[in-house]
Amino acid sequence: MENRKKIFIVDDDVANLRAGTAALSGKYDVYTLNSGQELLQLLKTVLPDLILLDIMMPGTDGHEVLKLLKADTQTEEIPVFFLTAKGDIGTVLEGISGGVNDYIVKPFDREQLLERIDARFSRRDA
């Protein structure tokens with residue numbers, strides 16, 4: 001049986017978690033998390049192949065989570081895509097300078113999301 005890649009979706013909005021799961025679960029193992037704190041806790045036991053991370057969350061926001069991921073040798077190489085409603089250029093540039101691998105604005109297009117994830121995995125596997 002094929003070893004499916006694991007994708008973590010981190011968002012405080014249940015509707016966004018459902019939409020992401022619906023878009024990806026046919027092809028990937030999807031884990032949904034409601035906060036940056038939940039993500040950091042789960043990373044102690046399970047490492048994903050990719051993280052879809054919202055920026056605007058209570059507590060630790062996406063930019064801070066990204067900094068923590070990139071500062072840890074266990075998680076620094078995990079690709080992170082921002083999946084967020086914040087599409088202004090300042091926020092995009094802050095994400096890029098922080099090490100985000102891709103930036104997708106919500107509401108997202110299912111086919112575009114799948115294509116960008118597939119493309120990322122193709123580059124990594126080559």
Side-chain angles (χ1 to χ4, degrees):
M1 184 172 167
E2 179 185 350
N3 188 15
R4 290 170 33 127
K5 294 193 181 292
K6 293 184 281 300
I7 297 179
F8 289 3
I9 305 173
V10 187
D11 198 311
D12 60 318
D13 185 318
V14 175
N16 291 330
L17 293 173
R18 284 189 189 129
T21 299
L24 301 174
S25 63
K27 189 168 189 175
Y28 300 106
D29 289 337
V30 178
Y31 296 67
T32 57
L33 304 149
N34 294 316
S35 69
Q37 292 88 344
E38 279 188 32
L39 170 66
L40 297 171
Q41 190 63 36
L42 183 58
L43 287 171
K44 294 176 183 177
T45 57
V46 180
L47 292 177
D49 296 289
L50 186 138
I51 298 169
L52 298 175
L53 181 61
D54 188 22
I55 293 175
M56 297 181 295
M57 295 183 290
T60 310
D61 75 6
H63 289 293
E64 185 59 32
V65 171
L66 181 64
K67 286 178 194 167
L68 294 169
L69 293 172
K70 295 305 177 184
D72 185 330
T73 57
Q74 287 284 89
T75 58
E76 66 184 347
E77 296 298 321
I78 298 171
V80 178
F81 289 12
F82 275 153
L83 185 60
T84 182
K86 289 193 69 148
D88 64 278
I89 191 65
T91 304
V92 173
L93 293 175
E94 183 180 354
I96 292 169
S97 69
V100 77
N101 299 94
D102 205 341
Y103 199 104
I104 301 167
V105 177
K106 296 185 285 191
F108 63 87
D109 177 81
R110 175 191 167 115
E111 287 77 24
Q112 180 187 38
L113 178 65
L114 279 167
E115 187 61 35
R116 288 171 113 164
I117 291 170
D118 290 346
R120 177 65 193 183
F121 287 147
S122 294
R123 285 194 303 271
R124 290 184 71 206
D125 295 339

Original post:
Would you say R4's side chain and G26's backbone share a donor-acceptor pair under 3.5 angstrom?
Top reply: yes

**OP:** Give a yes or no answer on whether the side chain of R110 reaches the backbone of A22 with a donor-acceptor pair at less than 3.5 Å.
**Re:** yes

**OP:** With sequence neighbours left out, write down each residue that passes side-chain contact (heavy atoms from CB on, under 4.5 Å) with T91, or none if nothing qualifies.
**Re:** I55, H63, K86, D88, Y103

Subject >> With sequence neighbours excluded, residues passing side-chain hydrogen bond (donor to acceptor under 3.5 Å, both in side chains) with T60 >> reply: Q37

Subject >> side-chain hydrogen bond (donor to acceptor under 3.5 Å, both in side chains) against N101, all qualifying residues, sequence neighbours excluded >> reply: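 Applying side-chain hydrogen bond (donor to acceptor under 3.5 Å, both in side chains) to N101 gives none.
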
Taking all non-hydrogen atoms of both residues, which atom of [X] and which atom of [Y] are closest, and how far apart?
X: S35; Y: V10; value: O-CG1, 3.5 Å
X: P48; Y: I78; value: CD-CD1, 3.8 Å
X: L113; Y: A23; value: CD2-CB, 4.4 Å

Subject >> Member of L52, N34, N16, L39 meeting the side-chain contact (heavy atoms from CB on, under 4.5 Å) criterion with I9 >> reply: L52

Find the distance between [atom1] ([X]) and [atom2] ([Y]) and round it off to the nearest 0.5 Å.
X: D61; Y: K67; atom1: CG; atom2: NZ; answer: 8.0 Å
X: L24; Y: L114; atom1: CG; atom2: CG; answer: 5.5 Å
X: L53; Y: I104; atom1: CG; atom2: CD1; answer: 12.0 Å
X: D13; Y: M56; atom1: CG; atom2: CE; answer: 10.0 Å
X: E115; Y: I117; atom1: CD; atom2: CD1; answer: 10.5 Å
X: L40; Y: E64; atom1: CG; atom2: CD; answer: 9.5 Å

Original post:
Would V46 and F8 count as a side chain to side chain contact (heavy atoms under 4.5 Å, CB included) if you check the C-alpha gap in whole Å, the side-chain angles of each, and the deciding distance to 0.1 Å?
Top reply: CA-CA 10 Å; V46 180; F8 289 3; 3.8 Å; yes

**OP:** For side chain to side chain contact (heavy atoms under 4.5 Å, CB included), just list the numbers for D54 and D12, CA-CA rounded to whole Å, side-chain angles, deciding distance to a tenth of an Å, and then say yes or no.
**Re:** CA-CA 8 Å; D54 188 22; D12 60 318; 3.4 Å; yes

Original post:
Yes or no on salt bridge (charged side-chain N to carboxylate O under 4.0 Å, His left out) for K106 and D11, after CA distance, side-chain angles and deciding distance?
Top reply: CA-CA 11 Å; K106 296 185 285 191; D11 198 311; 2.6 Å; yes

Original post:
Could you walk me through whether I51 and F81 pass the side chain to side chain contact (heavy atoms under 4.5 Å, CB included) check?
Top reply: CA-CA 6 Å; I51 298 169; F81 289 12; over 6 Å; no

Subject >> salt bridge (charged side-chain N to carboxylate O under 4.0 Å, His left out) evaluation trace for D29 with K6 >> reply: CA-CA 5 Å; D29 289 337; K6 293 184 281 300; over 6 Å; no

Original post:
Would one find more than 12 heavy atoms of other residues, nucleotides or ligands at under 6.0 Å from atom CD of Q74?
Top reply: no

**OP:** Could you walk me through whether L50 and K5 pass the side chain to side chain contact (heavy atoms under 4.5 Å, CB included) test, one step at a time?
**Re:** CA-CA 8 Å; L50 186 138; K5 294 193 181 292; over 6 Å; no

Original post:
Can you find a pair of side-chain heavy atoms, one from D49 and one from I7, that are under 4.5 Å apart?
Top reply: no

Original post:
So do L43 and L69 actually touch side chain to side chain, heavy atoms under 4.5 Å?
Top reply: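 Side chain of L69 against side chain of L43, heavy atoms only: contact under 4.5 Å found.
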
Subject >> Single-linkage hydrophobic cluster, 4.5 Å side-chain cutoff, V14 and L33 together >> reply: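 Different hydrophobic clusters.
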
**OP:** Compute the centroid of each ring, for F121 and then for Y28, and state whether the two points are separated by less than 6.0 Å.
**Re:**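 Yes.
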
